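The sequence lines fix the lettering, A, B, ..., with proteins before strands; numbering per chain opens at 1. Keep in mind it's a predicted model, so treat the numbers as computed, not measured.
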2 protein chains.
Amino acid sequence: MARRTKQEADETREALLDAAEHVFLERGVARASLDEIARFAGCTRGAVHWHFGDKLGLFLALDERLVLLQDEVKRRICDGETTPPLEHIARAITTSLTELENDPRRRRLLTIMLQRCEYVAEMAPALLRRRQADAAIRATLRDSFCRAAERGELSPEWPPERAALFLQALISGFLNEWLRGEADFTLAGEVCAAVRGFLSCTAVRPLS
Amino acid sequence: MARRTKQEADETREALLDAAEHVFLERGVARASLDEIARFAGCTRGAVHWHFGDKLGLFLALDERLVLLQDEVKRRICDGETTPPLEHIARAITTSLTELENDPRRRRLLTIMLQRCEYVAEMAPALLRRRQADAAIRATLRDSFCRAAERGELSPEWPPERAALFLQALISGFLNEWLRGEADFTLAGEVCAAVRGFLSCTAVRPLS
DNA sequence: GTAAAGATACCTTCGTGTATGTATATAAAG
DNA sequence: CTTTATATACATACACGAAGGTATCTTTAC
């Protein structure tokens, strides 16, 4: 009913987010009703409006639950820089992709954001977040490729800027296909192999 | 009014599709009302229901207006096979991408289908069409890579199946980034260069 | 007691489907 | 060559439900 402890309130909040995740995925964001979501979470629309204000607020709160692959890869690249740049990129991506593949919640969230919602004006906050993450990972990749070039490990055929753009598009494309659900490949397997295949192309010496 | 000539009826039908294209793009498919679309086309909802039945019918009719890139590339590859396979693939993709870039209507349609609609169950016909096109282009690419392998022109590092998957994901990823609108690259320029870059990697001899 | 946390009730808006009205092109009949 | 009939191509009107916002209770932790 009402004013349970702070922790219980947080639990209902989480339950509402879980419910939204489920209903959004099945019916799409636009067709999902707040009542359906609330009922799925075992409460009423009152709780939704209390915690999130309106539907957009609920959606944006759900969006923030999604850890972006870009951020993870960037974090891993920026952390410990022991191995050679290209190898380091490959490992960061491999680890991040594997983690993503083993996290069904993230997959569901990604599916919602990419296939179950319409990006009109009011969704701007969610889009902005992805835009910034894209720009950040792009810069990070470019830096790594630059350092590889300085060490004489990058083929002159692949200027850092182009290599970074290529890699970003490649992963984005694979991710999209993977999310369709009919994919006959795995992230940890074929996609990581493809990434390493590309990085080998950009290297003057083969990757270890 | 009523019962104009057959040609006039077709014109209103086209006008309605144009209007739907415009309104869907601006407001998203779910939030667009049939009344808004009809009014934008200079008629009323009566015309919409007459020509398309309901909103889903309108959407699917609009979807069929979109010539898929996959189909174009496939057609170009299957047509005249004079040059070596890898070079032939590169040219087919280059031509198709350039054509797409110069057709703003196709870009708008693609944007609607990828960013302005929610793929729930009833959208299945549109999804199925893309699925089949994906499968077809994939098979076509694989065949071409196979023939390149038979001619000794394909690097053993790249089995045909993997190369085809890679290429498909790469283009799909670039297309998605391009549709975002903030792309700092062009299809005819950077993307074609990237495709040729990849194909060069798969070749034992450099492309011409 | 009071304010947080949520339930309930009410109202209003919007959009769709459907049913029906209506004018005209076209073809058949005379 | 008219007249008549009918299917076509819409416009208009209505009815209905679904969904969201807001306001008002209710409960309980502190």
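Taking A/Trp178 as the reference, nothing meets the ring pair (Phe, Tyr, Trp, His ring centres under 6.0 Å) condition, with sequence neighbours excluded. For A/Ser33, the side-chain hydrogen bond (donor to acceptor under 3.5 Å, both in side chains) criterion is met by no residue, not counting sequence neighbours. For B/Arg108, the side-chain hydrogen bond (donor to acceptor under 3.5 Å, both in side chains) partners at least two apart in sequence or on another chain are B/Glu21.
Of the residues in residues 33-47 of chain A, those placing a heavy atom less than 4.0 Å from an atom of DNA chain D are A/Ser33, A/Leu34, A/Arg45, in numerical order. Looking at residues 50-59 of chain A, you'll see A/Trp50, A/His51 sit with a heavy atom under 4.0 Å from some atom of DNA chain C.
End-to-end axis angle of the helix from C/dG1-D/dC30 to C/dG30-D/dC1, using five pairs per end and rounding to 10°, comes to 10°.
Here C/dA5 presents its C1' atom at 14 Å from CZ of A/Arg13, a figure rounded to the nearest Å. One interatomic measurement links the two molecules: NE2 of A/His49 to P of C/dA9, which rounds to 16 Å at whole-angstrom precision. Protein atom CG of B/Asp10 is 11 Å distant from nucleotide atom C1' of D/dA9, rounded to whole Å. In this structure, CZ of A/Arg31 is placed 13 Å from C1' of C/dG15, rounded to the nearest angstrom.
Residues A/Phe145 and A/Trp158 have side chains not in contact (no heavy-atom distance under 4.5 Å, counting atoms from C-beta outward). A/Cys43 is listed as a side-chain neighbour of A/Leu16, based on a closest heavy-atom distance under 4.5 Å. Side-chain contact check for B/Val195 versus B/Thr94: every heavy-atom pair is 4.5 Å or farther apart.
Minimum interatomic distance between B/Arg31 and A/Glu122 (heavy atoms only, all atoms of both residues): NH1-OE2, 2.7 Å.
The side chain of A/Thr12 contributes an N or O atom lying less than 4.0 Å from OP1 or OP2 of C/dG6.
Of the inter-residue distances, the one linking A/Leu58 atom CG with A/His49 atom NE2 reads 10.0 Å to the nearest 0.5 angstrom.
At a threshold of 4.0 angstrom between heavy atoms, the contacts of A/Ala32 are confined to the sugar-phosphate backbone, with no base atom among them.
In this model, a donor atom of one side chain and an acceptor atom of the other lie less than 3.5 Å apart for B/Arg76 and B/Ser96.
Taking the six-membered ring where the residue is Trp, the centroids of A/Phe185 and A/Phe174 are separated by under 6.0 Å.
We find that B/Arg131 and A/Glu182 are joined by a salt bridge, their nearest charged nitrogen and carboxylate oxygen being less than 4.0 Å apart.
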